[in-house]
Amino acid sequence: MKLVKTVAELQAIVKETKKAGKSIGLVPTMGALHEGHASLIKAAHAENDFTIVSDFVNPTQFGPTEDLDAYPRTLEHDCELAEKMGADVLFVPSPKEMYPSRDMTWVEVTGDITKVLCGRTRPIHFRGVATVVSKLFNLTQPDKAYFGQKDAQQAQVLKRMVKDLFFPLEIRVMPIIRETDGLAKSSRNVYLNATERKAAVILSKALTKAKAAFAAGERDSAKLTAMVAEMIRTEPLSDIDYVEIYQLPELAPAEATITTDHLLAVAVKFGTTRLIDNVVLEV
Ligand code: PAF
């Protein structure tokens with residue numbers, strides 16, 4: 001596996017790879033790789049001739065009071081894991097390399113899809129994600145790009161961007177990978193202390209309960225969200241940002257009585273750590 005730090009070197013590699021007629025799989029990450037990322041890299045390796053993993057803590061998707069400086073950086077471990085999972089290139093650019101000038105072009109997906117859920121408390125987040133992912137798509141020209149279902153809203157926003165901007169690639173969304181007790185794998189889990197870590201299991205428990213109720217025939221969207229919120233509130237360390245339900249794929253307001261696929265998503269703080277999780281209610 002090659003460690004690449006500059007845009008110019010990456011472009012040269014991509015040019016050669018395309019010339020050789022190879023398909024390219026891209027796994028965009030912010031590093032601090034865990035089993036969730038490993039599953040994306042493994043899938044990219046299985047489905048493409050050449051796999052590029054980007055490892056870049058993207059400053060433009062963090063708000064002024066968010067955890068940009070504290071975000072875990074584990075480059076040595078990331079190299080080992082990416083290589084083990086079959087990556088051919090690990091692209092680790094500096095902020096200056098990705099954003100050479102202060103005046104710049106933004107890519108912004110507008111509408112409810114970026115305003116609801118995380119968009120409400122993180123108003124610039126999806127513009128930063130869409131912009132950096134567009135740059136990565138243009139640099140790597142992938143046939144397929146891999147994202148995790150844990151960031152369900154991000155995946156829908158990026159699908160919409162790909163459709164609207166005619167990016168010639170397929171977005172592959174891979175299932176959430178969980179710890180044995182159900183907690184969704186996240187780079188931010190390392191912020192949790194032992195008590196918070198134990199408490200955070202309530203998220204997957206509550207979502208699993210709602211999914212089971214849905215499978216048993218409960219179709220009232222308000223009852224399903226109330227069930228999840230109520231269960232999360234039984235955990236004294238939890239501080240709910242949202243427990244909400246929206247129609248897939250565009251995150252339009254939920255139907256009162258569910259007849260199409262919906263996303264039931266939560267964002268909850270434990271101490272200073274904000275975690276997200278979700279389930280898809282498939283009809
Ligand atoms: O999901 C992430 O880790 C980031 O939002 C992404 C897609 C790598 C863009 O910085």
Side-chain angles (χ1 to χ4, degrees), residues 4 7 10 25-41 43-44 51-63 66-75 77-78 81-82 85 87 89-99 104-109 113-114 117-119 121-140 142 144-162 165 167 169-177 184-191 265 267 273-278:
V4 173
V7 161
L10 182 65
L26 170 69
V27 184
T29 82
M30 297 207 298
L33 302 185
H34 50 66
E35 286 91 331
H37 299 111
S39 75
L40 305 183
I41 303 169
T51 299
I52 302 175
V53 177
S54 65
D55 186 327
F56 176 61
V57 182
N58 173 38
T60 63
Q61 69 188 71
F62 288 79
E66 294 180 12
D67 57 341
L68 173 62
D69 293 335
Y71 199 84
R73 284 153 171 96
T74 59
L75 184 56
H77 158 83
D78 294 353
L81 189 71
M85 290 298 126
V89 162
L90 185 67
F91 178 50
V92 193
S94 65
K96 190 93 191 128
E97 196 67 21
M98 289 303 276
Y99 296 102
M104 56 173 281
T105 304
W106 291 105
V107 177
E108 185 162 16
V109 179
I113 198 166
T114 51
L117 300 173
C118 292
T121 48
R122 307 187 74 191
I124 61 158
H125 176 67
F126 290 112
R127 184 186 68 167
V129 170
T131 300
V132 80
V133 171
S134 296
K135 285 172 181 261
L136 291 167
F137 285 173
N138 284 328
L139 287 173
T140 60
K144 295 189 172 85
Y146 296 79
F147 298 90
Q149 172 63 21
K150 189 179 76 68
D151 296 304
Q153 187 176 14
Q154 169 173 279
Q156 294 307 330
V157 168
L158 293 174
K159 276 188 179 177
R160 183 60 201 268
M161 179 186 86
V162 160
L165 296 184
F167 276 111
L169 59 93
E170 185 191 338
I171 297 252
R172 302 270 292 123
V173 183
M174 308 311 283
I176 299 177
I177 305 291
K185 300 257 184 192
S186 163
S187 304
R188 291 189 167 97
N189 289 351
V190 297
Y191 298 151
T273 308
R274 182 175 173 280
L275 300 179
I276 57 171
D277 200 350
N278 67 79

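These numbers come from the heavy atoms of this one structure, side chains and all, not from hydrogens, waters or symmetry mates. Order of appearance sets the numbers: ligands from 1, and atoms from 1 within every ligand.
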Query - salt bridge (charged side-chain N to carboxylate O under 4.0 Å, His left out) partners for Glu66, two or more places apart - result: Arg122
**Report entry** Atom indices of ligand 1 within 4.0 angstrom of Pro28 heavy atoms, with elements
**Finding:** 8 (C)
Query raised in the report: For the side chain to side chain contact (heavy atoms under 4.5 Å, CB included) test, which of Val53, Asp55, Val7, Thr140 pairs with Phe91?
Result: Val7
Query raised in the report: Quick one: which ligand 1 atoms are inside 4.0 Å of a heavy atom on Val132?
Result: 9 (C), 10 (O)
Query raised in the report: Closest non-hydrogen protein atom to atom 2 (C) of ligand 1, residue and atom name please, with distance?
Result: Gln154 NE2, 3.9 Å
Query raised in the report: Going by distance only, is there an N or O of Thr29 that falls short of 3.5 Å from an N or O of ligand 1?
Result: no
Report summary line: closest protein heavy atom to atom 10 (O) of ligand 1 is Gln61 OE1, 2.6 Å
Report summary line: Heavy-atom nearest pair, Gly25 first then Tyr146, reads CA-CE1, 4.2 Å
Report task. Could you tell me how the ring of Tyr99 sits relative to the ring of Phe56: parallel (under 30°), tilted (30 to 60°) or perpendicular (over 60°)? Result -> tilted
Report summary line: among protein heavy atoms, the one nearest atom 3 (O) of ligand 1 is Met30 CG, 3.6 Å
**Report entry** Those residues that, when tested against Glu35, pass salt bridge (charged side-chain N to carboxylate O under 4.0 Å, His left out) (two or more places apart)
**Finding:** Lys185
Report task. Would you mind running through ligand 1 and noting each atom that sits below 4.0 Å from a heavy atom of Asn58? Result -> 10 (O)
**Report entry** Side-chain (Ser187) to main-chain (Ala32) donor-acceptor, under 3.5 angstrom
**Finding:** yes
